[in-house]
Amino acid sequence: MSIEKTPSRVTEKMIDARSAPSDSIGTIAWLRTNLFAGPINTLFTLFACYLIYLLIVPSLQWALIDANWSGTTRADCTGEGACWVFISARLDQFIYGFYPEELTWRVDIVFAIFAALVAWLAIPNMPVKGLVAIATLAVFPFIAFFLLHGGSFGLEVVGTHEWGGLMLTLVLAVVGIVAALPMGILLAMGRRSDMPIVKSICVVFIEFWRGVPLITVLFMASVMLPLFVPGEVNLDKLVRALIGITLFQSAYMAEVVRGGLQAIPNGQTEAGVALGLGYWRNMGLIVLPQALKLMIPGIVNTFIALFKDTSLVLIIGLFDLLAIVQAGLADPKWLGYSIEGYAFVALIFWVFCFSMSRYSQYLERLLHTGHKKR
Amino acid sequence: MTTTTASRDNTTDNERPMIELKGLNKWYGDFHVLRDINLSVRKGERIVICGPSGSGKSTMIRCINHLEEHQEGDIVVNGMPLTQDIKQIEAIRRNVGMVFQHFNLFPHLTVLENCCLAPIWVQKRPRKEAEAEAMQYLERVRIADQAHKFPGQLSGGQQQRVAIARSLCLSPEVMLFDEPTSALDPEMIKEVLDVMVELANEGMTMLCVTHEMGFAKTVADRVIFMDQGQIIEENAPEPFFNNPQSERTQLFLSQILGH
């Protein structure tokens, strides 16, 4: 037997790149692989389509086609579809609560300024963002307070017991979000600190607030706190609720942030330290920017939870959006329109939460600095 | 150098060692990782430190800029004793550049921003000036054309060259290299070593933990062999490689050179 010679070969012509076969990319290919991959898959797709049809068509019929949109009283509703007259007739109350009708322009101005500032910060490549951010955090709260509460510059005082509706929900959510994030970051840094006293204070704080339900916190803030503080100190009920929500959410935020901090490799801190950066610069310039990017989903998750949790203030007698709609449902003139009321509340909450969610996804893509960019 | 906060003795630059380790001992818990290390490095001297893994090479050079804390002994860098005082530690760190095995570039900043970060925030220099100087250093490591990319878009060798440029931007007196080529593909080792050789030829004081024996032979003034936390042998490269005295060194060299 002869041993065969190992064949040798040399490739002289390099192969040019070709485009992928047309049936492996595009819409048709996507449909085939995802919806109609086989007989069972196709069956499920068709069944799911039928279920969606069963659900969507009557809903749209009720909410849009058969619905009554205009009018002022329940007599304007035919009863075949949704009665959106209930919402439109009470819309002012849903937005402003019991805020005096002739003064609601003050709330409108605050809404407008806030929307403009947020838009400025959210749209990329706007000029002087840093300045606008400082204005939003340092100046806007005072403007908002003077306009909403009044009491100076000749503005009539509107006590917080008259605040309500969407406006109150937004006040609670925005203050909670803006205050809880920096507090959470500080708590997380404290919990990872080498200093035993700082560390234990942060651990106790976080574990305490995470261990009690928000409802308990709100009850304690509204009922028990006044018993403990001296008589002459009279904290406003809204302020107490705000403090409660902020402390509660900052504990959750702290744990989200801590998770992000732990994900940053030690080498990053070492490199920063070796370059002579101190603790705060190292945190602010190197660790936190990277960690916060990783934490966007978790932070926004907490923001969304916070936004929805604000509706719990109804149990201490604050009339947020949900509470005021519920109060409207109890009005004898409008009995029986609870589906419309709750659907409206759900829609408003959903719009805000979904916007936050979408913006966070956009931010994640924007901050991605791996291979894809450029 | 403008290290105003740090105290210094009055001897002149020539007679004073750049780095001095005296009776250095360090433990990780109960594990005695550095045992009575004595080492003196003159200005402009190039030292290669080799030894098996776990011998304390990296730990030793990491003690010099206080990334690791030692329990006994004295460290003096450029006349400044390393104390517990954070101001003094930071002053020493500004004098000592460090290059890591895994580069440790900041992935959220561009190459240029990586280089300018410390000059701007530590040395408080104007951004324009810092950027111009950073570009010079990037030019020197031949990567200026990538200045506006992110580290994640560069190859390992390119990243390590950026890391060297980043350290140089603080104009350090000493450079520490902690296995700078160990995480690189063979193709990329040379481009990093070339930069290191150039740096050595310019008179930089260098301490390199490395297994690149070719680099040790051509560049080093002294080669140090460490094992089990001790300096076993210390010699000029020629006698070190051709005529090692200690049995342990002979064994180590036969293992890394004999394949």
For chain A, the option from B:L176, B:V99, B:V122 that forms the most heavy-atom pairs under 4.5 Å: B:V122
Region of B:R62 that comes under 4.5 Å of a non-hydrogen atom in chain A: side chain
Greater than 12 external heavy atoms within 6.0 Å of B:E187's CD: no
A:W209 atom CH2, neighbour heavy-atom count above 12 within 6.0 Å: yes
Atom CZ of A:R358 with >12 non-hydrogen neighbours under 6.0 angstrom: no
Residues in residues 254-287 of chain A that sit under 4.5 Å from chain B, counting heavy atoms only: A:G267, A:Q268, A:E270, A:A271, A:G272, A:V273, A:A274, A:L275, A:G276, A:L277, A:G278, A:R281, A:L285, A:I286
Proximity breakdown for B:I89 and chain A, heavy-atom pairs closer than 4.5 Å: neither
OH (B:Y28) with more than 12 external heavy atoms under 6.0 Å: yes
Residue pairs, two or more places apart or on separate chains, that pass side-chain hydrogen bond (donor to acceptor under 3.5 Å, both in side chains) and touch residues 128-137 of chain A: none
More than 12 heavy atoms from other groups under 6.0 Å of CG on A:D194: no
Contact origin within B:F106 toward chain A - heavy atom pairs under 4.5 Å: both
